[in-house]
Amino acid sequence: MRQDDRTPFELALGRARASAYPPGEFAGQESFMTASEIRALAARAGVGPGVSVLDVGCGIGGPAALLDGCDYLGVDFSPSAIELARERAPARRFAVAHAPPLPPGRFDVVLLLEAMLAIEDKHALIRAIAEALTPGGRFAFTLEEGHPLSAAERAAMPDPDTVFLTQLDELAAALDAAGLELTWQEDHSADHAATARALAAAYEADGEAIAAAIGRRALGDLLAAHRLWIDWLESGRVRKLALVATRDAVRATG
């Protein structure tokens, strides 16, 4: 659901979010990913010392604190998210930016964690990411994979204009057209359904305090969205994938 102004949501939901994850798995991320999943995807993409990384849709900076040693730049459209990110990870660089366009320069790795869903024009974003990568650079991202929402599903989902599902074959074609080859993928649907269940339970348990901070309607929308994700992930309506695509060095320089 839409959370353009992150500060009240971070203050209201932080305690519940922290309690929903196993010990050591919450680092401030606004997603169903665990800290271990974030580190594993970054490692799969070759993130490490001396590697330049652009984190698109970095949110409040949770992943930034997990990526040691790299040359990191996080961007997000929300000024309040960037303000919180700078407080959370003061040693990292952050900037307010809509994507596309992306910041100038070339990067060894572009991350897009739990943000592809909200992008309607995925082709334009993928082209911009391909242009931002060095030859042989890697695009590491997560994908909510499935058919677009039906009219009934859009009616049930709070803020449906932030939910743009895509089928994997369509996304792979867009990657290929931009000079990116899909080289690795892993299904996290079951794990993310369990995380969604844990988050929903934590929000319900802390419901009075959350409602006092952001209002009962916002709490209701939050719980409704999580229940839909639980149903979709458990039923197979949506698959949750982690993926890496590599920029073709020949096509990039040809």
Side-chain angles (χ1 to χ4, degrees), residues 3 6 9-10 13-14 16-76 78 81-82 84-95 99 107-119 125 129 132-133 137-145 182-199 202 226 229 233 238-246:
Q3 297 179 18
R6 298 296 220 291
F9 284 90
E10 171 64 8
L13 304 179
R17 283 174 173 162
S19 71
Y21 290 84
E25 294 294 350
F26 182 68
Q29 66 270 28
E30 304 167 283
S31 72
F32 298 155
M33 296 184 81
T34 63
S36 293
E37 289 172 1
I38 294 168
R39 290 192 183 97
L41 181 56
R44 178 69 63 171
V47 174
V51 174
S52 57
V53 176
L54 174 64
D55 185 2
V56 179
C58 66
I60 63 173
L66 301 173
L67 305 179
D68 297 329
C70 63
D71 180 13
Y72 176 94
L73 171 62
V75 297
D76 197 278
S78 168
I82 292 300
L84 290 167
R86 287 171 174 153
E87 294 173 2
R88 183 181 297 277
R92 297 297 198 183
R93 293 184 298 141
F94 296 97
F107 302 87
D108 300 316
V109 175
V110 174
L111 299 176
L112 186 74
L113 306 180
E114 308 289 72
M116 183 73 82
L117 180 70
I119 306 298
L125 176 63
I129 288 171
L133 285 169
R138 285 81 60 199
F139 173 33
F141 61 104
T142 57
L143 176 69
E144 291 80 5
E145 195 267 347
L182 192 58
T183 54
W184 177 85
Q185 69 181 69
E186 192 167 77
D187 193 316
H188 291 275
S189 303
D191 291 338
H192 286 202
T195 299
R197 278 195 175 277
L199 283 165
H226 277 70
W229 285 117
L233 289 166
V238 176
R239 290 195 302 158
K240 193 64 178 295
L241 306 176
L243 309 100
V244 176
T246 301

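Position 1 is the first residue of the sequence, and the numbers go up from there. All of these numbers come straight from a predicted model, not from anything done at the bench.
When each of Val109, Asp108, Leu73 is tested with Val53 by the rule side-chain contact (heavy atoms from CB on, under 4.5 Å), just one qualifies, namely Val109. Test Glu145, His192, Glu144 against Arg239 for side-chain hydrogen bond (donor to acceptor under 3.5 Å, both in side chains) and you get one pass: Glu145.
Between Phe94 and Leu84, every side-chain heavy-atom pair lies at or beyond the 4.5 Å cut-off. Using a 4.5 Å heavy-atom threshold, the side chains of Thr142 and His188 count as separate. The shortest distance between side-chain heavy atoms of Asp191 and Thr34 does not fall below 4.5 Å. Using a 4.5 Å heavy-atom threshold, the side chains of Arg17 and Leu199 count as touching. Contact check for Leu143 versus Gln185: no side-chain heavy atoms found under the 4.5 Å cut-off.
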Requested in this report: I would like to know whether Leu41 and Trp184 meet side chain to side chain contact (heavy atoms under 4.5 Å, CB included); could you show each step before the answer?
Outcome: CA-CA 10 Å; Leu41 181 56; Trp184 177 85; 3.7 Å; yes
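Nearest heavy-atom pair across Cys58 and Asp76 is N-OD2, 3.6 Å. Here the shortest heavy-atom pairing between Ala198 and Ala20 reads CB-O, 3.5 Å. Taking each heavy atom of Ala16 and Ser19 in turn, the nearest pair found is O-OG, 2.8 Å. Taking every heavy atom of both residues into account, Arg138 and Leu133 meet most closely at O-CD2, 3.4 Å. Across every non-hydrogen atom of Gly74 and Ile82, the tightest pair is O-CD1, 4.3 Å. Listed here is the closest heavy atom pair of Ala45 and Ala140: CB-CB, 3.8 Å.
In the displayed structure, Arg88 atom CZ is contacted under 6.0 Å by more than 12 heavy atoms of other residues, nucleotides or ligands.
One finds the CD1 atom of Ile129 at 11.5 Å from the CZ atom of Phe107 (value rounded to the nearest 0.5 Å). Of the inter-residue distances, the one linking Leu113 atom CG with Met33 atom CE reads 5.0 Å to the nearest 0.5 angstrom. The CG atom of Leu117 sits 4.5 Å away from the CH2 atom of Trp229 when rounded to the nearest 0.5 Å.
If you check the side chains of Asp187 and Ser189, you find a donor sitting under 3.5 Å from an acceptor.
Here Lys240 pairs with Glu114 in a salt bridge; the nearest charged N to carboxylate O distance falls below 4.0 Å. A salt bridge between Arg6 and Glu30 is present, with a side-chain N of the basic residue lying under 4.0 Å from a carboxylate O of the acidic one.
Counting only residues at least two apart or on different chains, the salt bridge (Lys or Arg N to Asp or Glu O under 4.0 Å) pairs with a member in residues 49-75 are Asp71-Arg93.
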